[in-house]
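Working notes, structure below.
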Amino acid sequence: MTETIVCRRLAGRTAVITGAGSGIGLATAHRLASEGANVVCADIDERAGKAAAEAVGGLFVQVDVTDAEQVEALFATAYDTYGSVDVAFNNAGISPPEDDSILTTGLDAWKRVQDVNLTSVYLCCKAALPYMRRQGRGSIINTASFVAIMGAATSQISYTASKGGVLAMSRELGVQFAREGIRVNALCPGPVDTPLLRELFAKDPERAARRLVHIPLGRFARPEEIAAAVAFLASDDSSFVNATDFLVDGGIAGAYVTPL
Ligand SMILES: NC(=O)c1ccc[n+]([C@@H]2O[C@H](COP(=O)([O-])OP(=O)(O)OC[C@H]3O[C@@H](n4cnc5c(N)ncnc54)[C@H](O)[C@@H]3O)[C@@H](O)[C@H]2O)c1
């Protein structure tokens with residue numbers, strides 16, 4: 001008989017997750033709820049966000065993460081409903097096809113990706129920090145990407161630059177607020193099997209093949225594997241992990257030549 005170990009590291013904690021309607025955010029909503037957290041599922045997509053909140057017994061808040069007022073209202077709602085803001089998983093992001101090589105990417109596409117991927121993280125951290133400072137406790141996890149650390153010839157120039165910004169901003173916040181009991185880490189996932197990536201690769205199988213060859217584990221991550229890392233960073237098990245670029249990439253960043 002196999003024994004199931006139930007981990008309740010987040011009992012009584014409140015976690016706000018942006019982009020909770022799909023992919024990494026959705027898997028994380030399930031994981032954090034299973035560890036006992038009150039989960040606030042934020043998404044611009046009402047149908048997906050509501051479904052996520054219902055599935056995990058959490059609260060749905062519709063939000064466009066590029067809008068400062070809506071982001072402030074999101075964290076206020078979390079606090080008013082559950083009495084604390086302990087974890088902010090600032091994860092919503094986009095990767096549209098118009099964002100490609102610098103040679104073809106226009107200013108509109110550049111700005112849109114910067115707004116959704118980088119400005120949103122600034123807004124969410126700015127809104128979450130006052131609650132965490134009052135509590136003297138908090139864990140902020142900002143979703144960057146392994147492309148914040150490594151270059152790719154299959155470029156998405158604004159996406160990569162936005163994730164580099166998330167990484168640098170997270171490091172600085174982690175340093176600034178450490179002595180107030182607040183940890184800030186950038187999560188750097190490798191390629192994950194989610195709708196975002198599937199859509200991109202369905203249009204261009206050659207791009208998919210070019211990427212797979214660089215992954216020592218020989219496959220993309222499952223969203224649940226990224227969610228497990230978020231749960232660790234959210235919990236006190238990671239109490240000495242701060243201001244890091246927390247790679248969950250199947251070994252990509254360590255690889256020179258991969259097994260066939
Ligand atoms: N999928 C990957 O391979 C991968 C790898 C590294 C990093 N990431 C990053 O992980 C994060 C999540 O990616 P995913 O693959 O789960 O994506 P996804 O497309 O499956 O989910 C993203 C969610 O964000 C929501 N969203 C988009 N714009 C929003 C806005 N303006 N306001 C509020 N919500 C909004 C969408 O509605 C969606 O539910 C992103 O930041 C992405 O850049 C993904």
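Remember, it's 1-based here, ligands and their atoms both numbered in the order they're listed.
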Is there any N or O on [X] that sits under 3.5 Å from an N or O of ligand 1?
X: P189; answer: no
X: S22; answer: yes
X: T143; answer: no
X: R112; answer: no
X: D45; answer: no
X: P191; answer: no
X: K163; answer: yes

Any salt bridge linking [X] with [Y]? Criterion: basic side-chain nitrogen under 4.0 Å from a carboxylate oxygen.
X: D237; Y: R9; result: yes
X: E180; Y: R133; result: yes
X: D193; Y: R222; result: no

Is it the case that the side chains of [Y] and [X] hold a donor-acceptor pair, with the cut-off being a distance below 3.5 Å and no angle test?
X: Q114; Y: S158; result: yes
X: R183; Y: S238; result: yes
X: S84; Y: Q135; result: no
X: N90; Y: T18; result: no

Below 4.0 angstrom from a heavy atom of [X], which ligand 1 atoms are there? Numbered from 1 as shown, please.
X: Y159; answer: 6 (C), 7 (C), 8 (N), 9 (C), 42 (C), 43 (O), 44 (C)
X: I24; answer: 10 (O), 16 (O), 44 (C)
X: D64; answer: 30 (C), 31 (N), 32 (N)
X: V63; answer: 32 (N), 33 (C)
X: S145; answer: 6 (C), 7 (C)
X: G19; answer: 23 (C), 24 (O), 25 (C)

Practice prompt. Would you check, one step at a time, whether the test side-chain hydrogen bond (donor to acceptor under 3.5 Å, both in side chains) holds for N142 with S170?
Written response: CA-CA 7 Å; N142 296 322; S170 305; 3.0 Å; yes
Worksheet entry | R31/E225 under salt bridge (charged side-chain N to carboxylate O under 4.0 Å, His left out): CA gap, chis, key distance, verdict | CA-CA 10 Å; R31 176 66 190 243; E225 292 174 305; over 6 Å; no
Worksheet entry | Sidechain-backbone polar pair: K163 side chain, T143 backbone, donor-acceptor under 3.5 Å |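 Here the side-chain-to-backbone pair exists.
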Worksheet item: To which of G23, A144, G93 does the heavy atom nearest atom 22 (C) of ligand 1 belong?
Response: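 Residue with the shortest heavy-atom distance to the ligand atom: G93.
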Worksheet item: Given D249, I94, I44, which one has a non-hydrogen atom that is nearest to atom 34 (N) of ligand 1?
Response: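 Nearest option to atom 34 (N) of ligand 1, by heavy atoms: I44.
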Fill in: G49 to ligand 1, any heavy atom closer than 4.0 Å
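No; G49 lies far enough from ligand 1 that no heavy-atom distance drops under 4.0 Å.
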